[in-house]
Protein chains: 2
Amino acid sequence: MLLSTKGDYGVRAMIDLAKHVGEGPVQRSEIARRRQIPESYLDHLLAQLRRAGFIRSTRGPHGGHELAKPADDVALLGLLEALEGSLTPLGCLEPAAGDEAAESICGQNWVWQEIYDAMRARLDAVSLAELVEHEREHERQAVITYNI
Amino acid sequence: MLLSTKGDYGVRAMIDLAKHVGEGPVQRSEIARRRQIPESYLDHLLAQLRRAGFIRSTRGPHGGHELAKPADDVALLGLLEALEGSLTPLGCLEPAAGDEAAESICGQNWVWQEIYDAMRARLDAVSLAELVEHEREHERQAVITYNI
DNA sequence: GATGTTGTTGAGTGATTTACTCAGGTATGT
DNA sequence: ACATACCTGAGTAAATCACTCAACAACATC
């Protein structure tokens with residue numbers, strides 16, 4: 001299943017921050033409420049995002065989180081890898097520290113390496129800004145549907 | 001991690017069967033030994049492959065398993081899906097019985113749908129016969145390296 | 001037709017991962 | 001000081017993974 005809730009929640013939180021850029025820090029409680037994410041879980045994801053350099057956080061009253069760089073400069077690939085670790089479908093692609101596992105399905109890895117590369121390239125070509133744009137588009141559609 | 005040992009072991013077992021086609025049924029103990037797969041675990045995988053129509057099994061002394069159709073007609077995609085279930089990276093692609101989960105990361109699923117389709121297309125284009133050929137090639141390489 | 005060899009099935013189990021929660025601590029504004 | 005936020009690490013219930021075990025069913029051969 002490649003993607004867990006971490007990648008899901010984390011990306012959604014980033015979209016939320018991107019949508020409120022320029023309004024000062026956004027608090028985790030707001031994000032959690034708007035995106036239906038358990039607040040105490042979101043804490044950890046925000047910490048990961050901060051350590052990876054995607055967001056800046058300020059403490060104290062009126063503190064919160066904000067994007068560390070413009071949404072155009074954030075690729076979906078980097079985000080997901082920061083949240084999920086490697087996205088490799090196999091485990092034997094990307095040689096780990098103690099290199100082994102060269103056997104087994106890695107005999108078929110020429111297929112998977114190709115698929116993996118294509119996947120990463122595609123994810124790297126999608127920016128956070130595009131995700132925001134798509135969500136806005138989706139919202140407009142939903143409103144229209146509702147009005148009919 | 002998308003692929004577990006099931007897909008790995010199962011495909012390797014199929015390659016083994018394909019390599020010994022025409023020699024009568026191959027016993028699970030032979031496959032297990034040659035491919036380093038726990039025999040009692042392999043049992044379940046062979047059962048899955050049989051139910052999916054990939055192999056035929058005969059019981060009793062000199063029984064064993066053999067390919068149900070020529071290796072050219074077996075695509076890697078079908079094999080892996082029979083062994084692993086769906087290969088979807090998300091869970092919200094391929095609408096399940098009780099259709100929901102349309103929320104969450106599925107907002108970004110336009111990206112993933114594309115990646116998923118490309119992946120399936122690539123896997124569908126690889127036949128068991130090709131995997132066998134690749135393994136033979138790999139063995140030749142290994143022998144040459146060893147001789148140097 | 002008894003015996004031994006093979007495949008078939010389902011239940012069970014220890015280890016790992018997932019998706020969290022909780023209980024503290026630390027920094028910051030008023 | 002004190003309230004308000006973020007920060008960190010430990011812990012945990014549920015699910016999944018990678019198997020094992022035990023009993024059974026079919027077949028071949030003597």
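In what follows, chains are A, B, ... by sequence order, proteins preceding strands, each numbered from 1. Heavy-atom basis, side chains included; hydrogens, waters and symmetry copies ignored.
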For the residue pair [X] and [Y], what are the closest heavy atoms and their distance?
X: A:Ala32; Y: A:Leu42; result: N-CD2, 3.7 Å
X: B:Ala125; Y: B:Glu130; result: O-OE2, 3.2 Å
X: A:Met1; Y: B:Thr88; result: SD-O, 3.6 Å
X: B:Val11; Y: B:Leu83; result: N-CD1, 3.9 Å
X: B:Leu87; Y: B:Leu2; result: O-CD1, 3.2 Å
X: B:Leu45; Y: B:Lys6; result: CD2-CG, 3.6 Å

Under a 4.0 Å N-O cut-off, is there an ion pair linking A:Asp8 with A:Arg12?
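Result for this pair is yes, salt bridge flagged.
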
Describe the nucleic acid contact of B:Arg51 in one word from base, sugar-phosphate, nothing, applying a heavy-atom distance below 4.0 Å.
sugar-phosphate

[N] [atom2] sits how many Å from [X] [atom1], rounded?
X: A:Tyr41; N: C:dA19; atom1: OH; atom2: P; result: 5 Å
X: B:His44; N: C:dG10; atom1: NE2; atom2: P; result: 10 Å
X: A:Leu42; N: C:dC20; atom1: CG; atom2: P; result: 11 Å
X: A:Leu45; N: C:dC20; atom1: CG; atom2: C1'; result: 10 Å
X: B:Met1; N: C:dT16; atom1: CE; atom2: P; result: 14 Å

Listed partners of A:Lys69 passing side chain to side chain donor-acceptor pair (under 3.5 Å), at least two apart:
none

Among residues two or more places apart or on two chains, list those pairs meeting side chain to side chain donor-acceptor pair (under 3.5 Å) that have a residue in residues 39-52 of chain B.
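Those involving residues 39-52 of chain B are B:Arg28-B:Glu39, B:Arg28-B:Asp43.
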
For B:Glu137, give me all partners under salt bridge (charged side-chain N to carboxylate O under 4.0 Å, His left out), at least two apart in sequence or on another chain.
B:Arg140

Just to confirm, is there a sub-4.0 Å distance from OP1 or OP2 of C:dT18 to any side-chain nitrogen or oxygen of A:Thr5?
no

Would you mind reading off the bend of the helix from C:dG1-D:dC30 to C:dT30-D:dA1 from its two end axes, five pairs each, to 10 degrees?
0°

At the 4.0 Å heavy-atom cut-off to chain B, mark where contacts on DNA chain D begin and end, going 5' to 3'.
D:dA18 to D:dA28

Check nucleotides 2-7 of chain C against the protein and report each pair of N or O atoms closer than 3.5 Å, with its distance, or say if there are none.
unit_1 : atom_1 : unit_2  : atom_2 : d
C:dT6  : OP1    : B:Gln27 : NE2    : 3.4
C:dG7  : OP1    : B:Arg28 : N      : 3.1
C:dG7  : OP1    : B:His65 : NE2    : 3.4

Are A:Glu81 and A:Ser86 linked by a side-chain donor-acceptor pair shorter than 3.5 Å?
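Checked: A:Glu81/A:Ser86 side chains show no N/O donor-acceptor pair below 3.5 Å.
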
